[in-house]
Participant: 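Dumping the structure here so I can ask a few things about it.
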Amino acid sequence: MAKARKVIISCAVTGAIHTPSMSPYLPVTPEEIADAAIGAAEAGAAIVHLHARDPQTGAPDQTPEAFARFLPIIRQRSDCVVNITTGGAPTMTIEERVKPAATFKPELASLNLGSMNFGLFGMLDRFKDLKHDWERTYLANKEIIFRNTFGQIEHILTTCAGSGTRFEFECYDTAHLYNLKYFLDRGLVQGPLFIQTVFGLQGGIGNHPDDIAHMKRTADRLFGDQYRWSVLGAGRNQMNVAAIAAAQGGHVRVGLEDSLWLGPGRLAETNADQVRRVRLILEGLGLEIATPDEAREMLSLKG
Ligand SMILES: C[C@H](N)CC(=O)CC(=O)O
Ligand SMILES: [Zn+2]
């Protein structure tokens, strides 16, 4: 009797791309972020990807103190895998960005494999009533470069080396896959590589099925069976990208960090709603949802 494939659902609950005026459902306070993560885990997410925000303004906050306000709550109430961002916001320094992962030594941390133009301004057409000045300045900025030089990537790898933290490798284009291969060949990263291919973010690769096939083909050629493939689709293509990839052996990432939507013109009221929606798609494909411990097994996490 053929065994169903286990799929890892990751949920990125708040991020640093969307801003509070865009959706009343975007978690901002430590309590909201903790509840969102625990709710997503209860709905089936094995991994929660975490950023922190200033509780008053909702602005991205990468201080360890900000993370310390919700991490223990999540620890107490869920056995999900915690994935702490080292991307922070593209306007932060690398020192700021790596601090929380270096401080809390999580099982997983994100690592971005290349620099890119980071286009948030496209969202200004969609979201006009912005409450805070920082939102307008941040979103309208056409000069944002999300810096991830070889030196900065190496700095994060060496800073976290020895802590047992493994990485979710964010690849926004094929060049980033080659950058990851470079670090693999230098022994700075070890398999199984958890590769999160990102589709449809302005400045990165698109979200057409050809783009997805191209990223997978390239990763298959560069890493063979040394990698675990996961995908995230930005914005309203989140579920399409998940469905296309899941049908080809991929794991999936959802969450309000990368899409505020549950359907055309319909804001997701919770991260758990998106987890439940992608779960419907996966189970519809005859796939099973991996538990946190099964994800730990598949990704060789320290537990
Ligand atoms: C496209 C995603 N928002 C990528 C991300 O989650 C990066 C990070 O936090 O380091
Ligand atoms: Zn993130």
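The model shown is predicted, which means the values in this text are computed figures rather than measured ones. Counting starts at 1 for both ligands and their atoms, in listed order.
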Participant: Specify side chain, backbone, both or neither for Arg253, according to which of its non-hydrogen atoms lie closer than 4.0 Å to ligand 1.
Facilitator: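 Only the side chain of Arg253 comes within reach of ligand 1.
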Participant: I need the atoms of ligand 1 closer than 4.0 Å to a non-hydrogen atom of Thr85, numbered in the order shown.
Facilitator: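 Reading through ligand 1 atom by atom, the close ones are 8 (C), 9 (O), 10 (O).
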Participant: Are more than 12 heavy atoms from other residues, nucleotides or ligands located less than 6.0 Å from atom CZ of Arg266?
Facilitator: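 No, not enclosed.
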Participant: Please determine whether the number of non-hydrogen atoms from other residues, nucleotides or ligands lying under 6.0 Å from atom NZ of Lys99 exceeds 12.
Facilitator: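 Atom NZ in Lys99 is not crowded, with 12 or fewer foreign heavy atoms closer than 6.0 Å.
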Participant: If you count the non-hydrogen atoms of other residues, nucleotides and ligands that lie under 6.0 Å from CD1 in Ile145, is the total more than 12?
Facilitator: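 No, not enclosed.
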Participant: Using a 4.0 Å heavy-atom threshold (strictly under), name the region of Asn112 that reaches ligand 1: side chain, backbone, both or neither.
Facilitator: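 Just the side chain.
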Participant: Hey, is the main chain of Ala234 close enough, under 3.5 Å, to the side chain of Ser259 for a donor-acceptor pair?
Facilitator: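 Between the backbone of Ala234 and the side chain of Ser259 there is no qualifying donor-acceptor contact (under 3.5 Å).
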Participant: Restricting to N, O or S atoms of His51, which is nearest to the Zn ion (ligand 2)?
Facilitator: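 Restricting His51 to its N, O and S atoms, the minimum distance to the Zn ion (ligand 2) goes to NE2.
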Participant: Please state whether His51 comes within less than 4.0 angstrom of ligand 1, counting heavy atoms only.
Facilitator: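 Yes; His51 lies near enough to ligand 1 that a heavy-atom distance drops under 4.0 Å.
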Participant: Counting both backbone and side chain atoms, is some N or O of Tyr172 under 3.5 Å from an N or O of ligand 1?
Facilitator: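 Among all N and O atoms of Tyr172, none is under 3.5 Å from an N or O of ligand 1.
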Participant: How long is the span from the CG atom in Leu157 to the CZ atom in Phe183, to the nearest 0.5 Å?
Facilitator: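 If I round to the nearest 0.5 Å, the distance is 6.0 Å.
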Participant: Would you say Met123 and Leu262 are hydrophobically clustered, going by side-chain heavy atoms of ILVMFWY under 4.5 Å?
Facilitator: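 No, no single cluster joins them.
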Participant: Counting each atom of ligand 1 from 1 as listed, which ones have a heavy atom of Gly87 under 4.0 Å away?
Facilitator: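 Here the atoms of ligand 1 in question are 8 (C), 10 (O).
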Participant: Atom NZ of residue position Lys128 - does it have more than 12 heavy atoms of other residues, nucleotides or ligands inside 6.0 Å?
Facilitator: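 Counting neighbours around NZ of Lys128, more than 12 heavy atoms of other residues, nucleotides or ligands fall under 6.0 Å, so yes.
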Participant: How many angstroms lie between atom CE of Met298 and atom NE2 of His251, to the nearest 0.5 angstrom?
Facilitator: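 If I round to the nearest 0.5 Å, the distance is 5.5 Å.
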Participant: The Zn ion (ligand 2) is nearest to which N, O or S atom of Glu257?
Facilitator: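 The Glu257 atom nearest to the Zn ion (ligand 2), restricting to N, O or S, is OE2.
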Participant: Look at atom 6 (O) of ligand 1 and find which of Glu168, Gln196, Arg97, Glu257 reaches it with the closest heavy atom.
Facilitator: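 Among Glu168, Gln196, Arg97, Glu257, the closest heavy atom to atom 6 (O) of ligand 1 belongs to Glu257.
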Participant: Relative to the heavy atoms of Ser110, which atoms of ligand 1 are at a distance of less than 4.0 Å?
Facilitator: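 Here the atoms of ligand 1 in question are 8 (C), 9 (O), 10 (O).
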Participant: Taking distance alone, with N or O pairs closer than 3.5 Å, would you say Val198 contacts ligand 1?
Facilitator: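 Among all N and O atoms of Val198, none is under 3.5 Å from an N or O of ligand 1.
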Participant: Report, in ascending order of atom number, the atoms of ligand 1 lying under 4.0 Å from any heavy atom of Ile17.
Facilitator: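 Those of ligand 1 that fall under 4.0 Å from Ile17 are 3 (N).
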Participant: Could you check atom 1 (C) of ligand 1 against the protein and tell me its nearest heavy-atom contact, residue, atom and distance included?
Facilitator: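 Nearest neighbour among protein heavy atoms for atom 1 (C) of ligand 1, to 0.1 Å: Asp258 OD1, 3.4 Å.
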Participant: For the pair Asn83 (side chain) and Ser110 (backbone), establish whether a donor and an acceptor sit closer than 3.5 Å, ignoring hydrogens and angles.
Facilitator: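 Answer holds: yes.
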